[in-house]
Amino acid sequence: MTLTTAHSGEPTVPDPATGPGLDEARAAAVGAALAGPLVSTQWLCDHLGSDGLLVVDASVVAVSGADGRAEYVSGLGRHGEGHVPGAVFADLLERFSDPAAPFPFTRPGAEAFAEAAAALGVDADTTVVVYDGAVGQWAARLWWLFRSFGHDRVAVLDGGVTKWREEGRPLESGHVAPEPAGRFIAAELPGFWSDRGDVEALLAGDRAGTLVCGTPPKDFAARHIPGSVSAPAVRLVDRETNAFLPAAGLHDLFSDVLASSDPIVAYCGGGIAAAADALALALLGRDDVTVYDGSLNEWASDPAAPLASL
């Protein structure tokens, strides 16, 4: 690639005739600026509107059903009431899950994911920053999905829209229509997911591994897969800021897990909070984590599957 300079000492820019254009170079620079799984609210504020950057609201809202149990509905309504400027909305209930699967939030196949990502405006060169209105578990789920399908230019906004709002940063109302990308190629990579058979092999001692459960403490006490370590997603964040705990705090929370070098299998009720655990462990340098996608939705559907309580 040829670089052209108008005057000595001025920054060089790609020559459009011989290499990537300025827009492409700027987009690449934003992707290269990602320092890890998280970006701060200040980072996003500094880069908002940059070429190649797409901000995505992945919020899902928990409501009480008729029987008192939690049900999940789209966060689209709350997104319309106030979102990070320019953010588009990602539907984790339908588009970024397999609605035909027997369990909620089952990950989609590669083709369905590619269609959903392209419709959102993501191509191979897009840098994606995901947030939600909770403690980051929904954003972490979409972050995990993107990475599992081969897209590494993705990070979670630390503290989500809660921290953004509390800091007095700008919000927009209404909905932003995505600009569909021409094409997104997705291929499911190994090393991101575990299934029921993997967990059964772990319990039988046929494979090494540590089970980490991201459900709330009360739910963990009521039922969990035997031998699991509790790491509730709600305890991964600072209550004051909604941002992830510093490394020392996360290390304390996962101390029993980190004491072993065995691979880690994270699960929860439906593979959502487990993704937050996976993100936190990634912050601690663990790259041997898989998410049990079916989690307790699948495990507990079999009356013969062992469950423990406290």
Side-chain angles (χ1 to χ4, degrees), residues 26-27 29-63 72-93 96 120-122 126-147 151 153-179 233-247 249-250 272-273 275-280 282-283:
R26 286 172 175 167
V30 172
L34 293 181
L38 294 178
V39 297
S40 68
T41 51
Q42 187 59 54
W43 186 100
L44 183 57
C45 193
D46 291 343
H47 291 86
L48 204 61
S50 297
D51 293 325
L53 176 65
L54 183 68
V55 184
V56 178
D57 181 352
S59 296
V60 175
V61 179
V63 297
Y72 298 99
V73 298
S74 171
L76 183 60
R78 291 190 183 179
H79 170 82
E81 295 170 0
H83 56 79
V84 174
V88 298
F89 182 78
D91 181 1
L92 265 64
L93 288 166
F96 286 94
L120 207 61
V122 182
T126 304
T127 297
V128 182
V129 172
V130 194
Y131 73 86
D132 63 37
V135 294
Q137 74 272 35
W138 303 106
R141 173 69 179 193
L142 191 54
W143 168 79
W144 193 257
L145 283 168
F146 267 110
R147 294 178 65 245
H151 192 80
R153 288 188 178 185
V154 58
V156 169
L157 176 62
D158 197 12
V161 73
T162 301
K163 189 171 189 289
W164 181 273
R165 182 185 294 110
E166 288 299 316
E167 293 171 345
R169 300 186 188 274
L171 291 168
E172 287 182 346
S173 59
H175 301 288
V176 178
E179 298 181 6
V234 294
R235 292 186 177 172
L236 299 176
V237 301
D238 185 296
R239 292 184 179 181
E240 296 294 326
T241 66
N242 206 49
F244 273 79
L245 297 174
L250 291 176
I272 306 298
D277 277 347
L279 190 156
L283 292 171

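Just so it is clear, the structure is predicted and the values come from calculations on it, not from any experiment. Residue numbers run from 1 in the order of the sequence given.
- When all heavy atoms are compared, the tightest approach of Ala58 to Leu142 is CB-CD2, 4.1 Å.
- Here the closest non-hydrogen pair linking Asp238 and Leu245 is N-CD2, 3.8 Å.
- Remark: of the listed residues Trp143, Phe146, Trp144, Phe146 is the sole one forming a ring pair (Phe, Tyr, Trp, His ring centres under 6.0 Å) with His151.
- Every pair passing salt bridge (charged side-chain N to carboxylate O under 4.0 Å, His left out) that includes a residue from residues 126-143 is listed here, sequence neighbours excluded: Arg141-Asp293.
- In this structure Val135 satisfies the side chain to side chain contact (heavy atoms under 4.5 Å, CB included) test together with Gln137, Val237, Asn242, sequence neighbours excluded.
- The minimum heavy-atom distance linking Leu120 with Pro178 is given by the pair O-CB, 3.5 Å.
- Taking both residues in full, the closest heavy atoms of Gly36 and Ala155 are given as O-CB, 3.8 Å, listed atom of the first, atom of the second, then distance.
- Residues that satisfy the side chain to side chain contact (heavy atoms under 4.5 Å, CB included) test with Leu283, not counting sequence neighbours, are Pro37, Leu38, Phe244, Leu250, Leu279.
- For the side-chain hydrogen bond (donor to acceptor under 3.5 Å, both in side chains) test, no residue two or more places apart in sequence or in another chain qualifies with Asp91.
- A search for side-chain hydrogen bond (donor to acceptor under 3.5 Å, both in side chains) contacts involving His83 returns nothing, not counting sequence neighbours.
- When side chains are defined from C-beta on, Leu34 counts as touching Trp43, because their heavy atoms get closer than 4.5 Å.
- Residues passing the ring-ring contact (aromatic ring centres under 6.0 Å, His included) test with Tyr72 are Phe105, Trp138, sequence neighbours excluded.
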Kindly list each side-chain donor-acceptor pair under 3.5 angstrom involving residues 160-167, sequence neighbours excluded, with atom names and distances?
{"from": "Lys163", "atom 1": "NZ", "to": "Glu167", "atom 2": "OE2", "distance (Å)": "2.5"}
{"from": "Trp164", "atom 1": "NE1", "to": "Pro170", "atom 2": "O", "distance (Å)": "2.6"}
{"from": "Glu167", "atom 1": "OE1", "to": "Thr41", "atom 2": "OG1", "distance (Å)": "2.7"}
{"from": "Glu167", "atom 1": "OE1", "to": "Arg169", "atom 2": "NE", "distance (Å)": "2.7"}
{"from": "Glu167", "atom 1": "OE1", "to": "Arg169", "atom 2": "NH2", "distance (Å)": "3.4"}
{"from": "Glu167", "atom 1": "OE2", "to": "Thr41", "atom 2": "OG1", "distance (Å)": "3.4"}

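- By the side chain to side chain contact (heavy atoms under 4.5 Å, CB included) test, Asp277 pairs with Val212, Ala231, Leu236, Phe254, Ala266, sequence neighbours left out.
- In the displayed structure, Arg147 atom CZ is contacted under 6.0 Å by more than 12 heavy atoms of other residues, nucleotides or ligands.
- Between Thr241 and Asp158, every side-chain heavy-atom pair lies at or beyond the 4.5 Å cut-off.
- Taking the ring-ring contact (aromatic ring centres under 6.0 Å, His included) definition, one finds that Phe96 meets it with Phe113, sequence neighbours left out.
- Closest of all the heavy-atom pairs between Pro85 and Leu48 is O-CD1, 3.8 Å.
- No donor-acceptor distance shorter than 3.5 angstrom exists from the side chain of His79 to the backbone of Gly75, with no hydrogens or angles considered.
- In this structure, Tyr131 contributes its side chain and Ala87 its backbone to no donor-acceptor pair below 3.5 Å.
- For residues 35-44, there are no salt bridge (charged side-chain N to carboxylate O under 4.0 Å, His left out) pairs, not counting sequence neighbours.
- In this structure, OG on Ser40 lies 8.0 Å from CG on Leu157, to the nearest 0.5 angstrom.
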